[in-house]
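This report concerns only the one structure given below.
Counting starts at 1 for both ligands and their atoms, following the listed order.
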Amino acid sequence: MSETHTTPESDRGSDALLELSGVTAGYGNTTVIHDVELAVEEESIACLIGPNGSGKSTLMKSVYGFADVFEGAVRFDGDDVTGRSPQESLASGMSYVLQSASVFPDMSVHENMLMGGYVFEDDDRARERAEELYEEFPIIGDIRDQKAGTLSGGQRRLLELARALMVDPELMLLDEPSIGLEPKFIDDVFERIRQLNDLGTTLLLVEQNAEKGLSVADRGFVLASGEIKFAGTGTELLEDEEVGRLYLGG
Ligand SMILES: Nc1ncnc2c1ncn2[C@@H]1O[C@H](COP(=O)(O)OP(=O)(O)O)[C@@H](O)[C@H]1O
Ligand SMILES: [Mg+2]
């Protein structure tokens with residue numbers, strides 16, 4: 001699999017909803033990821049794995065606008081979006097679920113949901129969208145009046161996913177959706193990821209739980225020391241001897 005140091009030509013097709021070419025990014029004077037080539041096809045799931053500190057979150061942040069892109073380009077839906085702000089990214093059809101917990105604990109579940117729709121000019125639209133999502137996520141609908149700070153870890157993660165859907169995004173960036181969850185909630189979250197994808201959402205996820213992540217993914221990427229070391233289908237990475245030994249604990 002050493003040939004995959006360079007991204008295959010097939011990754012540069014026009015069907016890519018998201019495309020990073022030669023992206024070098026970081027924060028201020030610090031470069032964290034180097035010369036990253038990565039493409040996510042429309043309506044697919046891509047999973048990024050790699051050791052802690054390798055720059056996975058930074059890569060996601062460089063797409064959304066939380067990190068600085070020093071070189072290269074990010075294209076989304078055919079547009080050059082390099083250097084856009086998070087607000088612009090959200091308005092253009094991306095949403096980002098952060099690695100760290102991001103619910104507002106003193107607000108109700110419903111108020112948290114409405115915050116996810118703050119880009120709507122019209123409050124009625126946000127309320128209607130929240131109602132639609134309560135039907136898709138009855139677990140969240142049932143606890144809409146509860147303070148978010150009182151939710152279990154699994155409920156919080158579902159709220160974060162539902163809130164990120166308020167804008168009906170084309171692309172969802174999910175940073176470690178299963179981190180810190182009990183096993184039964186982990187399966188729940190991956191089931192949701194599959195469902196969202198079936199409904200047409202394109203997903204780029206980062207996962208510590210590499211086997212679960214790669215098993216739902218159409219394509220997988222291994223990031224180490226800020227560089228893409230392997231790229232392939234989820235199955236190819238799961239079956240690759242070197243990837244298994246170095247990154248899957250096999
Ligand atoms: N806001 C920041 N400012 C400066 N350095 C950062 C910042 N966030 C992360 N880093 C550094 O970038 C490197 C990669 O971090 P990160 O992207 O969070 O990796 P991963 O998500 O793979 O664990 C780490 O060395 C980390 O210290
Ligand atoms: Mg991270």
Side-chain angles (χ1 to χ4, degrees), residues 4-5 7 18-40 45-74 81-90 94-103 153 156-157 160-161 163-164 171-181 185-186 189-190 193 203-214 216-217 219-232 234 237-238 240 242-250:
T4 52
H5 279 271
T7 307
L18 176 72
E19 196 170 25
L20 280 70
S21 29
V23 169
T24 294
Y27 311 92
N29 295 321
T30 312
T31 297
V32 177
I33 59 169
H34 309 268
D35 202 17
V36 166
E37 301 280 328
L38 179 151
V40 185
I45 303 178
C47 178
L48 185 62
I49 63 166
N52 256 331
S54 59
K56 303 180 298 298
S57 293
T58 302
L59 191 156
M60 303 277 264
K61 290 175 184 173
S62 75
V63 170
Y64 198 71
F66 285 129
D68 304 318
V69 177
F70 302 129
E71 276 176 59
V74 179
V81 300
T82 319
R84 276 197 184 161
S85 68
Q87 287 78 4
E88 289 169 325
S89 297
L90 184 68
M94 289 185 198
S95 69
Y96 186 12
V97 180
L98 292 163
Q99 178 175 345
S100 49
S102 63
V103 300
R156 265 187 225 209
R157 193 58 42 84
E160 287 168 348
L161 286 179
R163 186 180 58 185
L171 173 70
M172 276 184 102
L173 304 165
L174 302 182
D175 198 343
E176 310 241 8
S178 78
I179 202 167
L181 294 184
F185 291 124
I186 295 182
V189 163
F190 281 102
I193 289 171
L203 294 117
L204 173 59
L205 55 128
V206 166
E207 257 303 324
Q208 266 305 303
N209 196 330
E211 294 189 17
K212 285 254 182 217
L214 291 175
V216 296
R219 283 194 76 76
F221 299 89
V222 178
L223 192 72
S225 306
E227 292 176 10
I228 300 282
K229 305 286 190 197
F230 296 91
L237 292 198
L238 280 171
D240 188 86
E242 201 178 342
V243 171
R245 186 164 41 81
L246 294 174
Y247 307 107
L248 302 175

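Under the salt bridge (Lys or Arg N to Asp or Glu O under 4.0 Å) criterion, E88 pairs with no residue at all, not counting sequence neighbours. Qualifying side chain to side chain donor-acceptor pair (under 3.5 Å) partners for R163, counting only residues two or more places apart in sequence or in other chains: S102, N112.
To the nearest 0.5 Å, atom CZ of residue F221 and atom NZ of residue K56 are 15.0 Å apart. In this structure, the separation between OG1 on T58 and CG on D175 is 9.0 Å, given to the nearest 0.5 Å. Interatomic distance, L173 CG to K61 NZ, rounded to the nearest 0.5 Å: 12.0 Å.
Screening the protein for N, O or S atoms under 2.8 Å from the Mg ion (ligand 2) yields 2; no waters enter the count.
Between the E207 side chain and the E176 main chain, no donor and acceptor come within less than 3.5 Å of each other. Not a single donor-acceptor pair under 3.5 Å links the side chain of S21 to the backbone N or O of G72.
Counting all heavy atoms, side chain and backbone alike, V23 lies closest to S62 at CG1-OG, 4.1 Å. When all heavy atoms of N52 and Q208 are compared, the pair lying nearest together is OD1-NE2, 3.9 Å.
Within 4.0 Å of ligand 1, the residues that place a heavy atom are Y27, V32, P51, N52, G53, S54, G55, K56, S57, T58, listed by chain and number.
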